[in-house]
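Before any comments, here is the structure.
Everything numeric in this text was worked out from a predicted model, so none of it was measured. Hydrogens, waters and symmetry mates play no part in the numbers below; they use all other heavy atoms, side chains included.
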Amino acid sequence: MLPETLHALISSRRAVRRFTPEPVPDDVIRHCLELATLAPSSCNLQPWSFQVIRSPELLQKLHPVCLGQSAARAPLIIAVLARPDTWKASCAQIISDWPEPQVPTAIKRFYSGPAPFQYNQGRFGWRSLYKVPMLALMGLRKAVMRSPSTPGEMRIWAVKSTALAAQNLMLAFQSHGYATCPMEGFDERRLRRTLTLPKAAIPIMLLAVGKPGERAVYNPRLRFPLEQLTQWL
Ligand SMILES: Cc1cc2nc3c(=O)[nH]c(=O)nc-3n(C[C@H](O)[C@H](O)[C@H](O)COP(=O)(O)O)c2cc1C
C-alpha cells in the first residue's frame with residue numbers, strides 16, 4: 001500500500017457529530033468488525049467484544065444514556081468492550097483453533113503455563129498478594145514482566161488492545177465512506193442496564209457510525225506540534 005493512501009484515509013477521519021438516517025449495511029459492518037479484529041493484541045488474546053446496535057428502539061433508549069449528545073443520533077452505534085475476563089478461554093482457544101495441523105510445542109507450553117500465570121489474578125485478585133512481591137524480588141536480579149499482576153492492571157491490559165481494535169474499526173468505516181464518532185460521554189451504569197453488558201466487560205467507547213449530515217464536523221482540526229510530543233534518542 002502507498003503511504004499516500006494510508007495518509008488520505010487517516011487524515012480524512014474526523015469526529016462527526018451529525019449523521020443522516022441512512023442505515024449502514026450489515027455486510028459493511030461485518031467487514032469493518034473483521035478489520036477491527038486484525039488489530040494486534042497482547043499475547044494475541046484478543047480481549048475485546050462488540051455489541052452492534054441497529055434497533056431503532058434501542059438507539060432511542062441510548063440517546064439519553066449518551067447524555068443527549070447529537071452524535072448518539074447515529075443510525076448505528078457499536079459498543080466497543082474491553083474484556084479482562086476472557087483470557088482463560090482465549091488461551092484454550094488459541095490451542096484449539098491453531099491454524100496448522102500441529103500446534104507447535106512452544107505455543108502449547110506458553111498458553112498453558114506462563115500466559116495463565118501472568119493473567120490469572122485469582123478471585124478478588126488474591127493472587128496479587130504473592131505475585132507482586134514475588135515479581136519485585138525476582139526483578140532485583142533480572143528483567144521481569146511486572147504487570148498485569150492485579151485486577152486493575154488487567155483492566156488496563158484489556159483496554160490497551162481494545163483501543164487499537166477501536167481505531168481499526170473507525171478507519172475501516174472511513175474506508176467504506178462512513179463517518180464515525182467515538183464517544184465516552186455516556187452514563188456507564190445506565191448503559192450496563194440498557195445493553196445488559198457482561199459484568200466484567202469495560203465499555204471503552206460507543207462508536208457512532210453513519211453518513212455525515214449537514215455541518216457534521218464542529219471544529220477545524222487541531223493537533224499539538226510533533227516537536228512538543230517527541231523525543232528522538
Ligand atoms: C476516547 C474518546 C472519547 C470521546 N468521546 C467523545 C464524546 O463523548 N462525544 C464527542 O462528541 N466526541 C468524543 N470524542 C471525539 C473527540 O472529541 C475528537 O476525536 C477530538 O476532538 C479530535 O477531533 P477529530 O477526531 O475530528 O480529529 C472522543 C474521542 C475519544 C478518542
Side-chain angles (χ1 to χ4, degrees), residues 9-10 13 15 24 26-55 58-59 62 65-66 71-72 74 76-99 107 110-111 114-116 118-121 125 145 147-176 178-189 191-209:
L9 178 66
I10 291 178
R13 185 214 56 81
V24 185
D26 279 2
D27 58 335
V28 170
I29 303 174
R30 180 167 284 280
H31 183 235
C32 294
L33 287 168
E34 270 163 11
L35 293 179
T37 67
L38 292 186
S41 64
S42 173
C43 290
N44 200 21
L45 288 173
Q46 306 164 54
W48 48 55
S49 65
F50 309 93
Q51 289 197 0
V52 178
I53 302 135
R54 295 157 304 169
S55 131
L58 207 45
L59 288 167
L62 275 186
V65 173
C66 295
L76 166 68
I77 291 182
I78 298 184
V80 180
L81 309 176
R83 301 297 303 269
D85 55 323
T86 55
W87 61 269
K88 197 175 190 178
S90 301
C91 282
Q93 196 175 352
I94 285 192
I95 295 172
S96 67
D97 290 6
W98 191 255
I107 293 289
F110 180 73
Y111 286 103
Q118 183 81 56
Y119 301 120
N120 188 358
Q121 314 311 340
M145 192 150 157
S147 81
S149 294
T150 65
E153 286 169 359
M154 279 305 284
R155 290 168 64 85
I156 296 172
W157 171 81
V159 168
K160 266 192 244 177
S161 295
T162 307
L164 300 179
Q167 176 70 354
N168 269 19
L169 193 54
M170 285 187 265
L171 292 178
F173 278 117
Q174 188 71 19
S175 77
H176 276 280
Y178 291 89
T180 56
C181 184
M183 297 182 289
E184 64 182 356
F186 55 81
D187 179 328
E188 186 173 330
R189 191 174 290 184
L191 182 77
R192 286 184 181 282
R193 253 189 267 133
T194 312
L195 295 182
T196 52
L197 301 182
K199 204 165 171 238
I202 306 162
I204 67 160
M205 62 186 86
L206 296 178
L207 196 65
V209 188

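- By the 4.5 Å heavy-atom criterion applied to side chains, Pro198 and Gln51 are counted as neighbours.
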Q. So Ile10 and Leu171, side chain to side chain contact (heavy atoms under 4.5 Å, CB included) or not? Walk me through it.
A. CA-CA 7 Å; Ile10 291 178; Leu171 292 178; 4.1 Å; yes

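- A donor and an acceptor atom, one from each side chain of Trp157 and Ser42, are located under 3.5 Å apart.
- Separation of atoms SG (Cys181) and CZ (Arg13) is listed at 9.0 Å; rounding is to 0.5 Å.
- Sorted by first and then second residue, the side chain to side chain donor-acceptor pair (under 3.5 Å) pairs involving residues 159-172 (not counting sequence neighbours) form an empty list.
- Residues Phe50 and Thr37 are in side-chain contact: their nearest non-hydrogen atoms beyond the backbone lie under 4.5 Å apart.
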Q) How far apart are the C-alpha atoms of Leu206 and Leu191, what are their side-chain angles, what is the distance that settles it, and do they pass the side chain to side chain contact (heavy atoms under 4.5 Å, CB included) test? A) CA-CA 10 Å; Leu206 296 178; Leu191 182 77; 3.8 Å; yes

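- Around CZ of Arg192, the count of heavy atoms belonging to other residues, nucleotides or ligands within 6.0 Å exceeds 12.
- Salt-bridge check for Arg54 with Asp26: passed, with a basic side-chain N closer than 4.0 Å to an acidic carboxylate O.
- Across every non-hydrogen atom of Ala72 and Cys66, the tightest pair is CB-CB, 3.5 Å.
- In terms of modelled atom types and a separation under 3.5 Å, the side chain of Gln121 and the main chain of Pro148 share a donor-acceptor contact.
- Listed for the Gln46 side chain is a donor-acceptor partner under 3.5 Å among the backbone atoms of Asn44.
- Looking at Gln118, its side chain never comes within 3.5 Å of a backbone N or O of Pro114 through a donor-acceptor pair.
- Between Ala79 and Leu195, the shortest heavy-atom contact is CB-CD1, 4.0 Å.
- When all heavy atoms are compared, the tightest approach of Cys91 to Leu45 is N-CD2, 3.8 Å.
- Between Cys43 and Phe110 the shortest side-chain heavy-atom distance falls below 4.5 Å.
- Two residues are said to be in side-chain contact when any heavy atoms from C-beta on lie closer than 4.5 Å; Ile78 and Ile29 meet this criterion.
- One finds the CG atom of Leu169 at 9.5 Å from the CE atom of Met205 (value rounded to the nearest 0.5 Å).
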Q. Does the side chain to side chain contact (heavy atoms under 4.5 Å, CB included) test come out yes or no for Phe173 and Leu76, once each step is laid out?
A. CA-CA 11 Å; Phe173 278 117; Leu76 166 68; 4.1 Å; yes

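- In this structure, Leu58 CG and Thr194 OG1 are separated by 7.5 Å, a value rounded to the nearest 0.5 Å.
- Among all heavy-atom pairs drawn from Cys32 and His176, the shortest one is SG-CD2, 3.5 Å.
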Q.
Please evaluate residues Leu81 and Trp48 with respect to the criterion side chain to side chain contact (heavy atoms under 4.5 Å, CB included), reporting the C-alpha separation (whole Å), side-chain torsions for both, the decisive distance (0.1 Å), and the verdict.
A. CA-CA 6 Å; Leu81 309 176; Trp48 48 55; over 6 Å; no

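- Side-chain contact check for Tyr119 and Ser90: no donor-acceptor pair (N or O, by modelled atom type) lies under 3.5 Å.
- Summarising the geometry of Pro84 relative to Ala158, their closest heavy-atom pair is N-CB, 3.6 Å, with the distance given to 0.1 Å.
- Salt-bridge annotation for Arg83 and Asp85: present, with a side-chain N of the basic residue lying under 4.0 Å from a carboxylate O of the acidic one.
- Across every non-hydrogen atom of Leu35 and Ala172, the tightest pair is CD1-CB, 3.7 Å.
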